[in-house]
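Below you'll find the structure, written out as structure tokens, and then a few comments.
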Number of protein chains: 2
Amino acid sequence: MREQKKQATREALSAAALRLALEHGPDNVRVDDIAEAAGVSPRTYNNYFSSREQAIVAAVTGEREARVAAAVADRPADVSLADAVIEAIVDQYTDPGEPARDALLLITTRPALRDAFVATTGAIEHPLTGAIAGRLADPGRHAARVLAASVAAAVRVALEQWLQTTAASATTSGLVVPSGSLPDLLRTALAPLIPALDAAEHRAGRPHH
Amino acid sequence: MREQKKQATREALSAAALRLALEHGPDNVRVDDIAEAAGVSPRTYNNYFSSREQAIVAAVTGEREARVAAAVADRPADVSLADAVIEAIVDQYTDPGEPARDALLLITTRPALRDAFVATTGAIEHPLTGAIAGRLADPGRHAARVLAASVAAAVRVALEQWLQTTAASATTSGLVVPSGSLPDLLRTALAPLIPALDAAEHRAGRPHH
DNA sequence: CAAAAAACTTGCGTACACGCAAATTTGCGT
DNA sequence: ACGCAAATTTGCGTGTACGCAAGTTTTTTG
């Protein structure tokens, strides 16, 4: 029950942060406003989020970290690790409806919000480690941890490219090369890691060469 | 020429930060003290570092980012990309003398400093991208960027493990498993990425499978 | 069911990061 | 050498993060 209430206030805070940022612009929102809109004290707001940007971005990213890990774990056992990871990530990052258009425009516009957005990729690392370890015969989790961190890094690279081009096309109207849709960018960024994922999946022991 | 003076004040600031932190403990050092010891205004301190931890850690990490990239680029052309990267990193992170023993003990002790220390691995990403791209025939730098980010992530994982065990052995005297020297941890963490580095090196085109 | 224990919230005080604009310094052209 | 333009330093003001201890709510225990 305490968990439910904690998650409720957490959602209320990030929802209020996003709504106020959209209404008045992100620079005209103070933490007191967010706290008041969520019905808690300013100090409590800082027990949940350590920056305004974190709260705003959380309203968009939501529970993506846990969902990615669950999606990897739920793939049938006969698909390769690489395919499971790639498809799970692409699925979760193309989930429509969730990213409200205006919210994403806001995030791509302000540098501080962009940074907070890409920083969320770090949060998938821990759950993903478990999901990858579950698909490896090797009980040692060192490889899984490194692979999860690498996958998270690749996702971050893809998001950076995506934000860069979308920000550019937002300012200079239409003449930039739209370097691809987000799913394509994700697949391209993850492609170099396929050999590492395959190798970890096939060899049980030490991959020293 | 102004570059020299800027680097000088930067060094003076981080050196003063480390010295004061060692003398009085990191929690008893205020920004004003660091600025005064370096002979600049407090506001100027914040033009160089955005946190006390950053300044302290910079005194230890120094120019490691650039040195790693240079070391990768300087390996002979007939060694594999994976070997070049691994050996360059191991070399730069075992450079003796630089990490003063007491400074590292200080960093491993305080959580905030530990976080700042591991965060420095992100700084090697950009230079390393260039160095890796220079060893790939493929002019497209997407793969190099992803690989560099993955390598940086692996190094970060190794540092986390190293700090974790050293911190544990610092508190509970001696009964924890010393999970290995830093060079060993680095090699183990980088091993899962070898297939990806090899594949990127050999195939010029698209590594889709 | 009462009372202790644990967890969460809140107010307060302190230190801090950073935007902004004025003042000072540096590099350069003539 | 002189002064102009760009870069850098500095003071100030605002909004913020967070440790700490007291107050409040929830969970556990006898």
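In what follows, every chain begins at residue 1, and chains take the letters A, B, ... in the order their sequences are listed. These numbers come from the heavy atoms of this one structure, side chains and all, not from hydrogens, waters or symmetry mates.
For B:V79 against B:R135, the heavy-atom pair with the smallest separation is O-NH1, 3.4 Å.
One finds a salt bridge joining A:E87 and A:R187 here, because a Lys/Arg side-chain nitrogen approaches an Asp/Glu carboxylate oxygen to under 4.0 Å. B:R114 has no carboxylate O lying under 4.0 Å from a charged side-chain N of B:E160, or vice versa, which leaves the two without a salt bridge.
Here salt bridge (Lys or Arg N to Asp or Glu O under 4.0 Å) pairs that include residues 30-45 of chain B, with residues two or more places apart or in two chains, number zero.
One side chain, A:S50 or A:Q54, offers a donor N or O that lies under 3.5 Å from an acceptor on the other.
Between its two ends, the helix from C:dC1-D:dG30 to C:dT30-D:dA1 turns its axis by 30°, counting five pairs per end and rounding to 10 degrees.
A straight line from CG of B:N46 to P of D:dT16 spans 17 Å, rounded to a whole angstrom. The separation between A:N47 atom CG and D:dA17 atom P is 12 Å, rounded to whole Å. Rounded to whole Å, the distance from CD on A:E3 to P on D:dT26 is 14 Å. For the pair A:R43 CZ and D:dT16 P, the interatomic distance rounds to 14 Å; values are reported in whole Å. Counting to the nearest Å, the C1' atom of D:dG15 and the OH atom of A:Y45 are 11 Å from each other. Spacing between atom CZ of A:F49 and atom C1' of D:dC18 amounts to 17 Å, rounded to whole angstrom units.
Sequence order on DNA chain C of the closest nucleotides to B:V29 and B:K5 puts B:V29 first from the 5' end.
Contact annotation: A:R30 does not reach the phosphate of D:dT16 (side-chain N/O to OP1 or OP2, under 4.0 Å).
In terms of modelled atom types and a separation under 3.5 Å, the side chain of A:E201 and the main chain of A:L81 share a donor-acceptor contact.
Partner of A:Q92 under the side-chain hydrogen bond (donor to acceptor under 3.5 Å, both in side chains) criterion, chosen from A:E65, A:R67, A:R64: A:R67.
Surrounding CD of B:Q4 are at most 12 heavy atoms belonging to other residues, nucleotides or ligands under 6.0 Å away.
Figure legend: cation-pi geometry between B:R10 and B:F49, with NZ or CZ positioned under 6.0 Å from the six-membered ring centre and within 45° of its axis.
Boundaries of the chain A contact region on DNA chain C are C:dC8 to C:dC12, first to last in 5' to 3' order (nucleotide atom under 4.0 Å from a heavy atom).
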